[in-house]
Each structure stands twice: as C-alpha cells, then as structure tokens.
There are 2 protein chains.
Amino acid sequence: MFSFSEENYLKAIFHLERKYQAGVSTNALAEEMETKASSVTDMIKKLSEKELVIYKKYQGVKLSELGDKTAIQVIRKHRLWEYFLVEKLNFNWDEVHDIAEQLEHIKSEKLTQELDKFLGFPKRDPHGDPIPDAEGNFSVANKMLLSELGKAEKGICVGVKDSSSEFLRFLDKNNISLGKEIKVLEKEAFDGSMLILIEERELRISQLISNNLYIKIQ
Amino acid sequence: MFSFSEENYLKAIFHLERKYQAGVSTNALAEEMETKASSVTDMIKKLSEKELVIYKKYQGVKLSELGDKTAIQVIRKHRLWEYFLVEKLNFNWDEVHDIAEQLEHIKSEKLTQELDKFLGFPKRDPHGDPIPDAEGNFSVANKMLLSELGKAEKGICVGVKDSSSEFLRFLDKNNISLGKEIKVLEKEAFDGSMLILIEERELRISQLISNNLYIKIQ
DNA sequence: ACCTATTTTTAGACTTATCTAAATTTATTT
DNA sequence: AAATAAATTTAGATAAGTCTAAAAATAGGT
C-alpha cells in the first residue's frame, strides 16, 4: 500500500497538525523528520499525487481524509505494539519506541485486529497516549499539564508529553508512574519548581518536569 | 545492520544450500527470489563485499560464517513470529507466512529473546520446522517423507515440505495435522498414491501429497 | 511600497535495488 | 577441437528517497 517513508511523513504531519492546530510548514516537517526541506517538498508532492495530503505550493500541507485515516492506523499499530512490548514482553516504557517505529509498518489488517483483541482492547499505551480503535476513534482526555495546577490542587498522572528515555528513566527513578495521585504542596513563582506529594513522599521537581507530565483532575 | 533485501537473499541462499547440499548458482537464486539473474549478480557482489558470502565469478555463491549466522537469525525470527501468530493470535497455519516475512526483519535482539521466552522457547514452528535458539542451534530431526514409507509402516506427522496455503488448507480439510499418527495401508505402484489410516479414518492420497508430508518413525 | 530576510521550491546528483539487452564465460554436443 | 547452447556478468537505464546548491516566492520592517 504505502511505503515506510510515506507512512512516517503522514504520522509526522498528523502530530504537527495537532500540536499547532494548523497546516504544517515544509520547514516544520523537515525538522520533525530530521531531513532537509527539499526532501520534504519532494515527498509532499508524492503524497499529494496519491491524495493523502492537500498541498498548495508555498502554503504548507494538511492531511486529506484518507491521509488522516492512514496516519491514525499507523499510530494505532505503534501504540498497540508498545503496549504489547511492555505488558507481554517485559519491556520498560522507555525502551519501546524504536521497536514500535519498526512494527507500526507491518501490513496486515488481521494482525492488528487480533493483536488488539489479544491485548484486551487497551485504551492507552504505556505513555498514557490513547490507542485508536479499529475505526480510528480515540478519546481525547481532558488532561492538563502538572505545571498548570495551583497550590493544594491534585490529580492523577495520566501521561507524559516528552517520552524520551531520559525523561522516562527520571520518572522511574523517582517512582512516578501513570495512575498515581499527585498533590501540589508548594509552588515556587521564581523558577516554576514545585513541591509535590506522591505516595506519602514529598518531592521537589523543576518546571521542566511538571511541563511534561499530564494530569487528570477529578 | 542489513537491509530487508540483503536478509532475504541470505535466507534464500541458506535454504538452497540445504536443499541441494552445494553452492548456489545465480539462476537458482534468481528463481528462488523471483527476480532476474542480473539482479542476483549485483546483489551477490554487494553481499560479497560485506563478507556475507563467498563468491567467485561464474562459480556461484555460498554463505560465509557470518552470512550463515545472519540467515539463521532471520529464520529464527520468522519461525518465532509464525508460532506467535498461531498460538497467541488465533491465526491458521496457512495464513502466517506473509506476515512473518515482514516481521522477520524487525531489528531488536531483545525483542527476539523476550518473544522466545514469552512463547516458552518453542522448538518447532506451526509447519514443523525447527526454530533455532539464540545461539543458532537447531535440531535436524530424523524425519522422512511419507512417500518413502512402505505398506503397513507408520509414523507421526511432523512437518510439511510445501507450506503453501493451498496445501495447508487441503490438510486442514482432511483433518491431517502435525502430531497425528499415519499408517500406510496400501501403496499403488502405478501412480504412487496410497491409502492411509489416520485417526481411524481411511484416506486415499496422491503422491503429490505424500511427497510433501514429513513423518517421524519410531 | 520597497528592500531584505526567510521559507520554499527547483535542478541536478547520489544510492539502493531493480530491469533489459548485450557481451562474455562455461558447458555440451558433435 | 570447433560449434553451439546455456549460464553468468556487464553496461546502461529506471524509480524511490535523499542530498546540496541555486532560484523563486513569501513575509517583515521601515
């Protein structure tokens, strides 16, 4: 159907559209894909011919309905495989991304469906991101960043914005994981750091940390 | 490490070396890979530069130690994934080949090991072929073709030579599966067909069938 | 509205894996 | 041993995806 490279572009466009709530510029896409703008232009033309994106010269791209659907299916596979790796094969949540980047391109509708069933139709991947169902629907939870919480407010940790190994290992080291309740005890206006209560422990975290943790409030 | 295409060539050379107990000719490889002899020559040169094969112009190829090891690792992954698809995801044994052809190229040592562990270190794939262990060792069972059995002899069905969907579905339809005992009741010299006894049922099968079923005798 | 800076596109080149057609080497037959 | 057939390799071309460098279009500042 589509090549690995095409699927990766679609995925990148999908994420950038969400992030900026707008069409995606050639340069932004080049940065996301870690490639050059000229390569992006070439690929965009190809995707446009295949009607996966809507493209007008110098005006950036956005996904067509087909492109959107395709991107979501790739993301669905990525997140299902991540869940599989963590839940069934004993991987840590910071080790799964690169392998899922490969597995997401395996072509078999039946494989995806059966894997989903085998895993019990999970709703979220190990990083708290929603897993689209077979029809491409997924919940956009009413989550917010921990840094947005005020003093004495609390919520449940439901996801990470940055899912780099470094950040995830930091969380592991400090025993912060999805599902745990976090309460803000103090907030330092000067540097944005905060003192939080998690599992009876008090912990001081920098703004960089609270800016990358998603919280759901009751 | 190596490209999909390189890995597929190594696998093909591996199988042809086994099949003919000899070095592999360019044409034989072209047929196996469903490509042209000139393409094979090009690829062989590349594999030779990478020291995966031993090649002298006009003399065919054979795998180097590294090539052999690499081919076995690809085959290990292929067969582990086939086992996974059948045992965990409810695939039928005739549906797994094409998906395993994709999955066998996923690069992650840890993934392979954990998958192997998760599956309980299976020794054989759904078609009865041995699964190499992490060190690349696998048993070469003392199996023979059903067609080699004489009248009144019997054995356990342990594998298939042809693993095409058509053949496997034929076996399913006739309730022939691995592990079952088969006894030769009659053998027709004229066309090589035989009457067999399997699970109290009598069944007449052509030589094409008995030539593609592996049997282990006690 | 013009000039400059930035962004985007085009043009031409490279790599991988493939192809066709022609040339060369090896094998076979008489 | 020469002639022919078969197998193999070479040469040149193509497509996908990338690159660099140059050209073109858009956006911003005064």
Side-chain angles (χ1 to χ4, degrees), chain A residues 1-14 16-17 19-20 22-63 67 70-71 74 101-102 104-107, chain B residues 1-14 16-17 19-20 22-63 67 70-71 74 101-102 104-107:
Chain A
M1 197 72 170
F2 305 116
S3 73
F4 283 27
S5 195
E6 288 167 338
E7 290 188 347
N8 284 334
Y9 270 92
L10 293 177
K11 210 173 39 147
I13 298 168
F14 181 90
L16 291 173
E17 275 185 354
K19 189 167 172 187
Y20 299 114
V24 176
S25 75
T26 303
N27 264 359
L29 197 44
E31 195 185 353
E32 178 82 8
M33 294 293 297
E34 296 184 317
T35 184
K36 295 297 149 80
S38 56
S39 308
V40 171
T41 302
D42 286 346
M43 180 54 93
I44 284 174
K45 282 182 185 165
K46 206 175 137 195
L47 295 175
S48 181
E49 273 165 31
K50 295 194 176 184
E51 305 203 307
L52 290 161
V53 299
I54 291 145
Y55 170 57
K56 277 200 297 255
K57 269 192 193 178
Y58 297 101
Q59 310 291 265
V61 271
K62 52 184 188 181
L63 293 174
T70 307
V74 177
E101 287 283 303
Q102 300 178 60
E104 72 190 6
H105 301 295
I106 302 294
K107 269 125 191 114
Chain B
M1 200 73 170
F2 304 116
S3 73
F4 283 28
S5 196
E6 289 167 338
E7 291 188 348
N8 285 333
Y9 271 91
L10 293 177
K11 211 175 36 147
I13 297 168
F14 181 90
L16 292 172
E17 274 185 355
K19 191 168 171 185
Y20 299 113
V24 176
S25 74
T26 304
N27 263 1
L29 197 43
E31 194 185 355
E32 178 82 8
M33 294 293 296
E34 296 184 318
T35 185
K36 297 297 151 77
S38 57
S39 308
V40 170
T41 302
D42 286 346
M43 179 55 93
I44 283 174
K45 282 182 185 167
K46 205 174 136 196
L47 295 175
S48 182
E49 273 164 33
K50 296 194 177 186
E51 305 202 307
L52 289 161
V53 300
I54 292 145
Y55 170 57
K56 276 200 298 252
K57 268 193 194 179
Y58 297 101
Q59 310 292 256
V61 272
K62 52 183 186 179
L63 294 175
T70 307
V74 176
E101 287 282 302
Q102 301 179 59
E104 72 189 5
H105 301 296
I106 303 293
K107 269 126 191 113

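None of these values were measured; they are calculated from a predicted model.
Crowding of A:K50 atom NZ: a count of heavy atoms from other residues, nucleotides or ligands under 6.0 Å exceeding 12. More than 12 heavy atoms of other residues, nucleotides or ligands lie within 6.0 Å of CZ in B:F4, so this atom counts as buried by the packing criterion.
Within residues 2-12 of chain A, no residue has any heavy atom closer than 4.0 Å to DNA chain C.
Smallest separation of non-hydrogen atoms from B:E17 and B:L63: OE2-N, 2.7 Å. Across B:Y55 and B:G60, no two heavy atoms sit closer than the pair CD1-O, 3.7 Å.
Listed by chain and number, the residues in a side-chain contact (heavy atoms from CB on, under 4.5 Å) with A:N27 are A:S25, A:A37 (sequence neighbours excluded).
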*Sugar-phosphate means primed atoms, P, OP1 and OP2; the rest is base. With that split, encode nucleotides 7-13 of chain C 5' to 3' as B, S or - using protein heavy atoms under 4.0 Å.*
SBBB---

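Taken from NE2 in B:H105 to CD1 in A:I106, the straight-line distance is 9.0 Å, to the nearest 0.5 Å. With values rounded to the nearest 0.5 angstrom, B:L52 atom CG is found 14.0 Å from B:Y9 atom OH. A distance of 8.5 Å separates CD in A:E32 from CD in A:E34, rounded to the nearest 0.5 Å.
For the pair A:L47 CG and D:dT18 P, the computed distance is 11 Å after rounding to whole Å. Separating the NZ atom of A:K36 from the P atom of D:dA21 is a distance of 9 Å, rounded to the nearest angstrom. As rounded to whole Å, 12 Å separates atom C1' of D:dA15 from atom NZ of A:K50.
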